[in-house]
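Take a look at the structure below.
Only this structure's heavy atoms are used, side chains among them; waters, hydrogens and symmetry mates stay out. A note on names: the letters A, B, ... follow the listed sequences, proteins ahead of strands, and every chain is numbered from 1.
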Amino acid sequence: MNSPTPSVTSKRTEIKTILTGYAGLIGQEVTVMGWVRAFRSNRFIALNDGTSMNTLQVVVNFEQFDEALLKKVTFHACIKATGRLLESQGAGQDVELLAEALEILGEANPEQYPMQPKAQSMEFMREKAHFRMRTNTFSAVFRIRHGVAYAIHKYFNDNGYFYMHTPIITGSDAEGAGEMFRVTTLDVGNPPRTEDGQVDWRQDFFEKPTNLTVSGQLQAEIGALALGKVYTFGPTFRAENSNTSRHLAEFWMIEPEVAFYDIHDNMALAEDFCKYLIRHILDNYADELAFLDQRIQNQEKNLPKEQRRPMGLTETLRFVADNDFERITYTDAVRILRNSKPYKKGKFEYEVEWGKDLQAEHERYLVEKHFQKPVIVRDYPASIKAFYMRLNDEAPEVPGRTVAAMDVLFPGIGEVIGGSQREERHEVLVQRMHDMGIPEEELWWYLELRKFGGCPHAGFGLGFERMVQFITGMGNIRDVIGFPRTPGNAEF
RNA sequence: GCCUCAGUAGCUCAGUUGGUUAGAGCGGCGGACUGUUAAUCCGUAGGUCCAAGGUUCAAGUCCUUGCUGAGGCGCCA
């Protein structure tokens, strides 16, 4: 009855298919394959194949099976079961598979296998990244991660955007988005040198210094000024020594760039886009959200009330999807903060002063206390923002020059989006680059975009993992990417 | 990079003013039971107390340094 040698065929029915459309399958013979989540009473196997949150109950009449075979039905062992699908006699499920044949596709010796059928810490599972996707939490997170990625492409495609691939290796270090990873084929221990002792980059692969990209924006602007509406969605690298729950050295970023858009169009796009992504997950991953919601509640039930989330996960997502984001200027934000209770009581660690960047504590006050919803802050002081952001006209009620920059701030994770209307005026851009010490010769092509057929345009960068973090409610960004790269960590 | 906290069994943790043989729950293993749903019951094994050095009659406990992790901050998405 039981074949000792595994013979995998493609004739399997996915468990999601069985559980969501079992009506037509009752009484029929089906084959399922998956990983054992539990083996109760030597009779009931809870089988999960990754297609959904749910398990199929496989019933084995242990009298009919070899004892040595059943001994191998252990936690996370991979099995194949064939039998008839029946209405369940038990209370916990509608249908169950009465196994007629059972095959072990991959053993998981419980004395050696590190995962256990119990709650384990996020830190421990991070060290077991090759196994953690088999857990309820991580399989839910990674199905949702896929869902968000899909929704991104669908949103842009349905709205007439073109997906554009920008280079991973860049020869420019003027993008101004942080420390970069050097890319080289030179012998790092003994690089060729010029006569004055400097590394001779002309002998390197690209005959110049190159780095991993920190942003595809500058190239996306090329696309926008030809195709009108483009977006990028690719890996991004920052060599910052950032040790936080919201930073990765390697992450994925979405960067739409749109010709003829100003900062207000840009904000409208950002808000509509965020809401679309959230709605897509609400509509398609309700089981996953319910599980993650429950998980957070269990986690928080021991915390004092004021440290708990004000709303459940699903509730939060609905709220964000259904309500307008608050839109304020940086100047307004400063005024609100200076009139706030924590400011007057001296609770802020950092000074709130026009011209200084808003700190995390300030952003959190605006989002979580004052407005209690996502906030878009725009028109930041020019002195604290990048050279390519469009210089606003002087305004009498504003203390200094500002640029048409915008940050979308979400509760819990802070900045999800940073963007701007781009400076399209050649002479203004040249002046800004000069003032900020950006070498013009490195970005000659970027400047030429302003000389030949330029136009007003705008765009933004959305941190993919931060959005997934928000939607899944995961506390640490390292738990929403399969194989996180952070300072001192590049395992797997 | 800075600040704070932590590191004890496979996992999560307890371990009193420094004092005999370092404990629990879960997991594992052995057995019982068998329509279970985090199955239940009985039994059992399992320890470089992060590392090195130091103080002391005596260190899991105190001190120094280092390593690793977490939380917060900065940089940002």
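In this structure, A:Glu96 reaches the bases: a heavy-atom distance under 4.0 Å links it to at least one base atom across the strands shown. Residue A:Ser242 is classed as a base contact, given a heavy-atom separation below 4.0 Å to a base. Within the 4.0 angstrom heavy-atom criterion, only backbone atoms of the sugar-phosphate kind lie near A:Gly418; the bases stay farther away. Base engagement by A:Leu248 is indicated by at least one non-hydrogen atom pair under 4.0 Å involving a base atom. At the heavy-atom level, A:Ala91 lies under 4.0 Å from base atoms of the strands shown. Looking at heavy-atom distances under 4.0 Å, A:Glu127 makes no contact with the nucleic acid at all. Nucleic acid contact for A:Tyr350: sugar-phosphate only, since backbone atoms but no base atoms lie under 4.0 Å from a heavy atom of the residue. At the heavy-atom level, A:Ser88 lies under 4.0 Å from base atoms of the strands shown. In this structure, A:Phe44 reaches the bases: a heavy-atom distance under 4.0 Å links it to at least one base atom across the strands shown. Looking at heavy-atom distances under 4.0 Å, A:Asn476 makes contact with sugar-phosphate atoms alone, never a base.
Atoms CD (A:Glu111) and P (B:G28) sit 10 Å apart, rounded to a whole Å. For the pair A:Gln299 CD and B:G71 P, the interatomic distance rounds to 11 Å; values are reported in whole Å. As rounded to whole Å, 18 Å separates atom P of B:A77 from atom CH2 of A:Trp252. In this structure, the CD atom of A:Glu361 is 20 Å from the P atom of B:G71, given to the nearest Å. Per the geometry, CZ belonging to A:Phe62 stands 14 Å off P belonging to B:G31, to the nearest Å. Look at CZ on A:Phe251: it is 15 Å from P on B:C75, rounded to the nearest Å. The CD atom of A:Gln112 sits 15 Å away from the C1' atom of B:G46 (whole-angstrom rounding). With rounding to whole Å, A:Ile45 atom CD1 is found 14 Å from B:G35 atom C1'.
Classification of the A:His370-A:Tyr365 ring pair by plane angle, with boundaries at 30° and 60°, yields tilted. Relative orientation of the A:Phe233 and A:Trp252 rings is perpendicular, given thresholds of 30° and 60° on the angle between their planes. Using bins of under 30°, 30° to 60° and over 60° for the plane-to-plane angle, the ring pair A:Tyr155/A:Tyr161 lands in the tilted bin. The aromatic rings of A:Trp354 and A:Tyr330 stand perpendicular to each other, their planes meeting at an angle above 60°, with 30° marking the opposite boundary. In this pair, A:Phe492 and A:Phe483 present their aromatic rings tilted. The plane angle is within the 30 to 60° band.
Between A:Asp293 and A:Arg309 no salt bridge is recorded (no basic side-chain N to carboxylate O distance below 4.0 Å). The existence of a salt bridge linking A:Lys275 and A:Glu271 is confirmed by a sub-4.0 Å separation between a basic side-chain nitrogen and an acidic carboxylate oxygen.
Shown here, B:U12 forms a base pair with B:A24; the pair counts as Watson-Crick or G-U wobble because both key distances fall under 3.5 Å. If you check B:U61 for Watson-Crick or wobble pairing at under 3.5 angstrom, you find it has no partner at all. Base pairing annotation: B:G43 forms a Watson-Crick or G-U wobble pair with B:C29, both donor-acceptor distances under 3.5 Å. As the counterpart of B:A70, B:U4 is assigned, both hydrogen-bonding distances of the Watson-Crick or G-U wobble pattern falling under 3.5 Å.
The salt bridge (charged side-chain N to carboxylate O under 4.0 Å, His left out) pairs that include a residue from residues 477-492 of chain A are A:Arg126-A:Asp479, A:Arg132-A:Asp479, where partners are two or more places apart or lie in different chains.
Side-chain to base pairing of A:Glu63 with B:U34: no donor and acceptor N or O lie closer than 3.5 Å to each other. Counting distance only, with no hydrogens placed and no angle test, the side-chain atoms of A:Gln120 and the base atoms of B:U12 include no donor-acceptor pair under 3.5 Å. With hydrogens and angles ignored, no donor-acceptor pair under 3.5 angstrom links the side chain of A:Arg43 to the base of B:C33. Contact of A:Gln116 with B:G10 (side chain to base): a donor-acceptor pair of N or O atoms is detected under 3.5 Å. For A:Gln89 and B:G35, a side-chain-to-base donor-acceptor distance below 3.5 Å is present, hydrogens and geometry of angles not being considered.
For A:Ile477, taking side-chain heavy atoms from C-beta onward, the closest of the listed nucleotides B:A77, B:U12, B:G27 is B:A77. Nearest nucleotide to the A:Ser245 side chain, out of B:G72, B:C11, B:A77: B:G72. Taking the side chain of A:Arg466 as heavy atoms from C-beta on, and the options B:C76, B:G10, B:A70, the nearest nucleotide is B:C76. Picking from B:C29, B:G35, B:G69 the nucleotide with the shortest atom distance to the side chain of A:Asn489 gives B:G69. Of the candidates B:C75, B:C11, B:U37, the closest approach to any side-chain atom of A:Gln93 belongs to B:U37.
For the ring-ring contact (aromatic ring centres under 6.0 Å, His included) criterion with A:His153, the lone passing option out of A:Phe464, A:Phe162, A:Tyr163 is A:Tyr163.
The phosphate of B:G74 has OP1 or OP2 within less than 4.0 Å of a side-chain N or O from A:Gln359. Between A:Arg37 and B:U37 there is no side-chain N or O to OP1 or OP2 distance below 4.0 Å. Not one side-chain nitrogen or oxygen of A:Arg478 sits closer than 4.0 Å to the OP1 or OP2 atom of B:G69. Taking side-chain N and O atoms only, A:Thr244 has no distance below 4.0 Å to OP1 or OP2 of B:C73.
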Return the polar atom pairs (N/O with N/O) between nucleotides 38-45 of chain B and the protein under 3.5 Å, or none.
{"unit_1": "B:A39", "atom_1": "OP2", "unit_2": "A:Arg40", "atom_2": "NH1", "d": "2.8"}

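Taking atom P on both nucleotides, B:U8 is separated from B:A52 by 15 Å, rounded to a whole Å. Taking the P atom of each, B:C2 and B:U40 are spaced 48 Å apart, rounded to whole Å. The P atoms of B:C63 and B:G47 are separated by 29 Å, rounded to the nearest whole Å. Using C1' as the reference atom, B:C26 and B:A9 are 12 Å apart when rounded to the nearest Å. Atom P of B:G54 sits at a distance of 37 Å from the matching atom of B:A45, rounded to the whole Å. Nucleotides B:G7 and B:G15 have their P atoms positioned 10 Å apart, rounded to a whole Å. Comparing B:G60 with B:G1, their C1' atoms are spaced 32 Å from each other, to the whole Å. Taking atom C1' on both B:C33 and B:G69, the two are 43 Å apart, rounded to the nearest angstrom.
Residues meeting the side chain to side chain contact (heavy atoms under 4.5 Å, CB included) test with A:His76, sequence neighbours left out: A:Arg37, A:Tyr113, A:Met115, A:Arg134.
Annotation: the span from A:Asn266 atom CG to A:Glu257 atom CD amounts to 8.0 Å, rounded to 0.5 Å.
A:Asn298 contributes no side-chain N or O that, together with a main-chain N or O of A:Arg295, makes up a donor-acceptor pair within less than 3.5 Å.
Remark on RNA chain B: of its neighbouring residues A:Pro114 and A:Glu415, the 5'-side contact belongs to A:Pro114, judged by nearest-heavy-atom nucleotide. Position along RNA chain B of the nearest nucleotide to A:His247 versus A:Leu98 favours A:Leu98 as the more 5'-ward residue.
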